[in-house]
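Letters A, B, ... are given to chains in the order of the sequence lines, protein chains preceding strands, and every chain is numbered from 1. Values below: all heavy atoms of this structure, side chains included; hydrogens, waters and symmetry mates excluded.
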Number of protein chains: 2
Amino acid sequence: MQENLTKEEKRKKKLDVILRNAAKAFMERGYYKTSLDDIAKMQNVTKPTLYYYIKNKEDILVKCEEITCGRINAMLDMVMAQKSSGYEMLYNFIKEYIIIITDDVARCHVRHRGQMEDEVLRKQSIQNHKDIEFRVREIIRLGISDGSLRDCNSTILAILLFDSLNGLTSWYKSDGPVKEDELIEEVLMLVTQGVRAN
Amino acid sequence: MQENLTKEEKRKKKLDVILRNAAKAFMERGYYKTSLDDIAKMQNVTKPTLYYYIKNKEDILVKCEEITCGRINAMLDMVMAQKSSGYEMLYNFIKEYIIIITDDVARCHVRHRGQMEDEVLRKQSIQNHKDIEFRVREIIRLGISDGSLRDCNSTILAILLFDSLNGLTSWYKSDGPVKEDELIEEVLMLVTQGVRAN
DNA sequence: TAATTATGTTACTATTCGGTAACAATTTAA
DNA sequence: TTAAATTGTTACCGAATAGTAACATAATTA
């Protein structure tokens, strides 16, 4: 088809289509109610063909996770490289995070992380999230020590923040009634200012 | 055994044990990886016995939902009956909500709501949550109009609030390192004050 | 062109598990 | 006591589905 793509690129693209379709189906119908046959049909191939691209069903979750965590960590690298105040870093992190997880592959990861049946994979998945959470705690601590953030329990705050951000994945649709700009604005206002009138 | 209990009370108690054990197992291993045989074994009965207390597997989720939503709505009745400021109502709601969802049956409901396979049940489940969310939006609107809460999009705020509160169910354990009081305090501070230093 | 590698298919296995029929024992009420 | 309702069991079925073996074809490369 596309003669200008190398073999490797074509393979990568097909894997991406598989992940994207699977992720969407998992979000709509749930992981266990989506069979590999269902996923195969979306690509107009048969189930065994999938096994050329993935090790097994669970590997879809793992690959979605790798992609998403890779993006988040790269974003964190960028945000933290700017050496601004903790408040500004947190602000930028939230802004970028919302953009990243507004994507089927990322949503799939958020919903299924830490739920692999294979224990090794499950532990790795939990660790991946802990690593990211640790980096966000670092930002919060920075903000507290430079005086730009209120003194608080950084662990609890980080968790609460992730909960409300990750919760977006189950209701926010980029083509829905709430616009992305407005959403980011509200989240940022809530997190930074709270709800109490001044 | 307990001669002082009526037939109905005994039945109710057994159902409660089933729900509690099932909810716990669903939270630990996941709904689809917990078989009815597993649940039956926890009560030292066999699978068909469960069917005397529940209609089918999904009915466990429905019953967990009924119990939990009943509690939340009763709590909302109380909170709203006090006719205090919107801010105070929201404050009290958050405080009580955290207490309610620190319970296996409630956690099970939060994790599985809106995921029933039967369409009628699924829609009912979604509606149940919408009703509760509506009542909280009402509190927020009250607070905005009485000036105790910052002007904001009550819909988005309500969702974000529920996301972070419901997120508690997947990490908060009443016997864990974080004390309930401290948790409530941090949540309330985050929601009301935000993270920015004054 | 020949050989090799990549990509795909059909057909099948093995297993899990929700749900049920048929039957047994126990408790409660008449 | 006897009949009826309640609570439980054993043994089974049917459907779904993850994963695989064996085989077929297309695309690359030597």
- request: Quick one: which residue pairs count as a side-chain hydrogen bond (donor to acceptor under 3.5 Å, both in side chains) with a foot in residues 66-76 of chain B, not counting sequence neighbours?
  value: B:Asn73-B:Arg135

- prompt: Does NZ or CZ of A:Arg196 come closer than 6.0 Å to the centre of the six-membered ring of B:Tyr87, within 45° of the ring's axis?
  reply: yes

- prompt: Is the NZ or CZ atom of A:Lys57 both under 6.0 Å from the centre of the six-membered ring of A:Tyr31 and within 45° of that ring's axis?
  reply: yes

- prompt: Can you check the B:Tyr51 OH to D:dT9 P distance for me, whole Å?
  reply: 15 Å

field: Nucleic acid contacts - residues 17-36 of chain B versus DNA chain C, non-hydrogen atoms under 4.0 Å
entry: B:Thr34, B:Ser35, B:Leu36

- prompt: Going by atom types only, do A:Asp146 and A:Ser148 share a side-chain donor-acceptor pair under 3.5 Å?
  reply: yes

task: Enumerate the residue pairs fulfilling ring-ring contact (aromatic ring centres under 6.0 Å, His included) with a member in residues 125-161 of chain A, sequence neighbours excluded, ordered by first and then second residue.
output: A:His129-A:Phe162

field: Pairing residues for A:Tyr32 by the ring-ring contact (aromatic ring centres under 6.0 Å, His included) criterion, not counting sequence neighbours
entry: B:Tyr32

When you compare the protein's N or O atoms with those of nucleotides 5-12 of chain C, which come within less than 3.5 Å of each other, and at what distance?
unit_1 : atom_1 : unit_2  : atom_2 : d
C:dT7  : OP2    : A:Arg11 : NH1    : 2.8
C:dT7  : OP2    : A:Tyr52 : OH     : 2.6
C:dG8  : OP1    : A:Lys14 : NZ     : 2.6
C:dG8  : OP2    : A:Tyr53 : OH     : 2.8
C:dT9  : OP2    : A:Thr46 : N      : 2.8
C:dT9  : OP2    : A:Thr46 : OG1    : 2.6
C:dT9  : OP2    : A:Thr49 : OG1    : 2.5

message: Rounding to an integer number of Å, can you tell me how far B:Leu15 CG sits from D:dT6 P?
response: 16 Å

message: Can you list everything that forms a ring-ring contact (aromatic ring centres under 6.0 Å, His included) with B:Tyr172? Sequence neighbours excluded, please.
response: none

Distance in angstrom units between B:Glu117 CD and C:dC17 P, rounded: 14 Å

- request: Please state how far atom CG in A:Asp118 lies from atom C1' in D:dA18, giving the value in whole angstrom units.
  value: 15 Å

message: Expressed as a whole number of angstroms, how long is the span from A:Asp37:CG to D:dT20:P?
response: 15 Å

NZ/NE/NH1/NH2 to OD/OE distance under 4.0 Å, A:Arg20 and A:Asp103: yes

